[in-house]
There are 2 protein chains.
Amino acid sequence: MVTIGDVAKAAGVSRSTASYALSGKRTISPAVVQRVLDAVEELGFTPNAGARALATSQTHVIGLLARFLSDEFAPAMLQYILGVTNRAGELGYDTLLVSEEDGVNALKRLSTSRMVDGFVLLNVAEHDDRLQFLRDAAQPGATVGLPGQCDGIDVFDLDFVASGRIMVDALADMGHREMILVSQPQHVVERGGAYVWRLADGAQARADERGVVLHRYFGSSTQPEIGKDLHRYLDTHPGATGLLLNNEAAAAALPSVLTSRGLASPTDISVLGRYSDDFARTFSLPFSAVDSAADELGRRAVEQLVARIEGDPAVAAPHLVELISPTIHDRGSIAPPPASRG
Amino acid sequence: MVTIGDVAKAAGVSRSTASYALSGKRTISPAVVQRVLDAVEELGFTPNAGARALATSQTHVIGLLARFLSDEFAPAMLQYILGVTNRAGELGYDTLLVSEEDGVNALKRLSTSRMVDGFVLLNVAEHDDRLQFLRDAAQPGATVGLPGQCDGIDVFDLDFVASGRIMVDALADMGHREMILVSQPQHVVERGGAYVWRLADGAQARADERGVVLHRYFGSSTQPEIGKDLHRYLDTHPGATGLLLNNEAAAAALPSVLTSRGLASPTDISVLGRYSDDFARTFSLPFSAVDSAADELGRRAVEQLVARIEGDPAVAAPHLVELISPTIHDRGSIAPPPASRG
DNA sequence: CACCTGTATCGAACCGGTTCGACTCGATGC
DNA sequence: GCATCGAGTCGAACCGGTTCGATACAGGTG
């Protein structure tokens with residue numbers, strides 16, 4: 001293997017001079033710099049990552065802690081992962097992906113062994129046991145997902161309260177007065193999926209403000225249960241003209257439920273989901289939806305993490321809690337309710 | 001940070017003794033070993049990964065080169081990734097995930113900087129430009145996907161030729177005489193997705209042997225195009241009673257296509273796909289399918305890679321080309337054709 | 001001409017582990 | 001009683017980078 005010593009020898013200088021020529025941290029004569037660069041080129045020198053990490057205490061690797069929970073839609077996670085790895089790559093960082101069950105253990109291991117410069121945590125719950133160790137870690141961390149306590153970390157998430165509000169608004173603006181909100185299953189909430197009730201509360205508050213009736217349900221996350229759930233909701237509330245879906249499985253199941261009831265969207269019923277554009281394409285879902293912004297959240301988390309890694313540690317920038325404003329991707333599934341039309 | 005020097009001092013021994021006490025590579029008296037272990041415990045010592053890598057030339061990290069091609073069904077890739085990371089974790093290895101466009105560059109970079117002990121390549125094409133560099137690399141490599149040239153690497157893949165055969169057999173055994181095979185889009189083949197024609201050729205050969213009519217198509221990999229494709233195929237071949245799907249998007253789109261045509265499986269048409277069990281669960285697909293064995297392939301690739309990394313380099317084990325026999329996961333979507341029933 | 005300044009370079013130390021060779025000491029063999 | 005041996009330990013070197021302090025030398029100043 002080619003070391004910087006080989007490069008130095010080939011260029012006829014000392015190791016330190018070669019190092020400075022490459023890093024530019026001290027002034028080296030242009031002639032020498034050129035000789036060093038030529039030697040690097042000729043010999044095919046690449047610095048040994050371990051040695052550099054040892055000397056500089058920087059690995060240029062970030063740890064990505066994913067968490068795949070049962071009854072969750074795994075493919076949705078991929079968007080976040082790719083958002084992180086791609087942006088990290090652009091910024092000169094590699095990504096160590098950990099899918100271990102025991103996130104706390106992985107976090108400790110990577111942190112104390114100094115394998116990474118920082119962490120990105122995905123799928124963060126209201127009370128996430130990984131956070132305590134993240135705060136104590138020597139490396140900074142950013143999360144995708146809004147936990148109960150945000151101190152000491154940078155937090156990124158979709159603004160789910162606002163999402164709930166604009167979902168109600170979108171339908172209420174069209175004249176809908178009664179709608180059904182289908183959330184994730186109850187146990188997703190119980191294990192800390194706070195975004196579920198955040199969206200629901202935002203929706204409820206806005207519904208109350210506008211005098212709209214909102215029926216709230218926790219739907220199943222599996223087929224065919226969710227299909228039956230949807231039928232039951234529609235049977236129970238024949239006056240409801242709008243459907244808000246904060247549940248990927250419900251969105252995926254809805255087309256065949258509507259078909260079998262002889263309903264069409266938006267003619268008979270308006271539908272508004274909350275999922276990513278990729279998800280919509282994959283499932284060919286014709287419903288307008290609040291974009292979950294997975295890609296953007298992953299990107300932003302990495303950007304902030306890298307800024308903190310590379311920032312002056314003396315100037316501890318205040319920690320961010322960045323809630324991305326929801327945007328609706330219009331696919332034409334919202335219209336005025338049947339009764340209000342000719 | 002706690003170093004082995006701190007541990008040695010606390011235990012009242014030299015650094016080298018502490019190191020040997022922990023590694024067991026030389027005999028150290030039980031009393032000293034215990035004192036060292038106590039010190040490690042008390043101080044919370046974890047070896048610095050960079051330092052260890054520098055000294056041992058082993059990083060205990062494997063590089064995972066994923067390749068997300070346009071018009072490919074990204075969620076399917078997740079299964080392979082998790083198969084790799086999970087098994088690697090069990091074997092004591094962390095996984096560096098690279099999703100870079102330029103796989104060749106990433107490979108070179110990780111290899112020459114000695115960031116990883118070996119590589120797993122996913123989504124390997126017939127003529128994959130990454131392979132040439134993998135063969136020249138100082139680290140061993142394993143692939144998931146069967147390339148044209150397999151020398152110098154360990155190769156794992158599903159036996160797609162056999163898959164094609166058993167897919168035809170499964171339907172022909174039930175009495176079907178005319179079926180449609182929907183493959184991946186043509187350009188997936190053109191850029192080296194050899195598994196597409198391997199399965200198609202296997203199917204065609206078996207169909208010819210049995211006197212079965214097989215209509216072959218390259219379907220789109222995106223919605224809603226694939227839905228329209230499916231409708232067209234069914235319109236064109238009203239006599240076809242079986243559908244073979246080597247195209248995830250087609251499988252995902254089929255339920256609504258069938259519903260809108262008023263067809264049910266297997267009553268009106270028998271369907272056999274080729275995708276993983278996880279995929280079926282995630283998308284609630286009710287079709288029997290040849291399992292793509294994503295998880296197993298990822299696992300096997302890692303196991304072989306680790307064996308090679310840790311094996312005696314003097315004893316160069318012959319390289320493997322392991323084709324996993326296809327198995328059908330029965331979900332009840334295959335039955336005799338309508339005409340042959342009462 | 002002595003003095004100072006700044007530029008360009010070198011040698012040595014350091015990061016935190018691992019490992020080789022040498023040393024000590026008590027037990028064993030003759 | 002002395003050489004031999006093995007168990008147990010230590011010091012030093014090494015892995016391949018980075019970085020600090022010192023030095024050499026050129027040019028400018030009083």
Side-chain angles (χ1 to χ4, degrees), chain A residues 1-37 39-40 43-61 109-117 138-139 310, chain B residues 1-37 39-40 43-61 109-117 138-139 310:
Chain A
M1 96 163 278
V2 182
T3 76
I4 201 170
D6 302 329
V7 170
K9 199 178 299 173
V13 296
S14 71
R15 289 202 306 151
S16 55
T17 300
S19 178
Y20 284 123
L22 291 173
S23 72
K25 294 192 179 172
R26 279 196 184 176
T27 51
I28 298 290
S29 68
V32 169
V33 169
Q34 194 53 53
R35 289 213 309 276
V36 170
L37 290 177
V40 165
L43 301 174
F45 166 74
T46 316
N48 178 301
R52 175 170 276 178
L54 181 55
T56 62
S57 301
Q58 288 240 347
T59 63
H60 273 256
V61 173
R109 187 168 52 77
L110 297 186
S111 176
T112 57
S113 69
R114 298 292 152 87
M115 288 185 75
V116 301
D117 291 341
Q139 300 87 352
E310 298 183 348
Chain B
M1 95 163 278
V2 182
T3 76
I4 201 170
D6 301 330
V7 170
K9 200 178 298 173
V13 296
S14 71
R15 290 202 305 151
S16 56
T17 301
S19 176
Y20 284 123
L22 292 173
S23 71
K25 293 192 180 172
R26 279 196 185 175
T27 52
I28 299 289
S29 68
V32 169
V33 170
Q34 194 53 53
R35 289 213 310 276
V36 170
L37 290 176
V40 165
L43 301 174
F45 165 74
T46 315
N48 178 301
R52 176 170 276 179
L54 181 55
T56 63
S57 302
Q58 288 240 347
T59 62
H60 273 257
V61 173
R109 188 169 50 79
L110 296 186
S111 175
T112 57
S113 68
R114 297 291 150 82
M115 288 185 75
V116 301
D117 290 342
Q139 300 88 351
E310 299 183 347

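Quick note: numbers below take in every heavy atom, side chains included, and nothing from hydrogens, waters or symmetry partners. None of these values were measured; they are calculated from a predicted model. In what follows, every chain begins at residue 1, and chains take the letters A, B, ... in the order their sequences are listed.
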For [X], which contact category applies under a 4.0 Å heavy-atom criterion: base, sugar-phosphate, or nothing?
X	value
S16(A)	base
S29(B)	sugar-phosphate
V2(A)	sugar-phosphate

Spacing between [X] atom [atom1] and [N] atom [atom2], to the nearest angstrom:
X	N	atom1	atom2	value
I4(B)	dC15(C)	CD1	C1'	14 Å
Q34(A)	dT9(C)	CD	P	13 Å
M115(B)	dG16(D)	CE	P	17 Å
D6(B)	dG16(C)	CG	C1'	10 Å
R114(A)	dG17(C)	CZ	P	10 Å
Y20(B)	dG17(C)	OH	P	15 Å
N48(A)	dT18(D)	CG	P	10 Å
L22(A)	dT9(C)	CG	C1'	15 Å

Is any side-chain nitrogen or oxygen of [X] closer than 4.0 Å to OP1 or OP2 of [N]?
X	N	result
S14(A)	dC10(C)	yes
S19(A)	dT18(D)	yes
T27(A)	dA8(C)	yes
K25(A)	dT19(D)	yes

Shortest non-hydrogen contact between [X] and [Y], atoms and distance:
X	Y	value
L54(A)	A51(B)	CD1-CB, 3.7 Å
A138(B)	S111(B)	N-OG, 3.9 Å
T59(B)	A53(B)	CG2-CB, 4.0 Å

Side chain of R35(A), backbone of A11(A): donor and acceptor closer than 3.5 Å?
yes
Residue L54(B), side-chain heavy atoms: nucleotide from dG17(C), dG16(C), dT18(C) that is nearest
dG16(C)
Mapping T17(B) and A55(A) to their closest nucleotides on DNA chain D, which lands nearer the 5' end?
T17(B)
DNA chain D: 5'-proximal contact among P30(B) and T56(B) (nearest heavy atom):
P30(B)
Spell out yes or no: do the side chain of [X] and the base of [N] have one donor N/O and one acceptor N/O closer than 3.5 Å?
X	N	value
R15(B)	dG17(C)	yes
R52(B)	dT18(C)	no
R26(B)	dG21(C)	yes

Quick one: does T3(A)'s side chain get under 4.5 Å of N48(A)'s, heavy atoms only?
no
Just verifying a value: how many Å separate T46(A) OG1 and R52(A) CZ, rounded to the nearest 0.5 Å?
10.0 Å
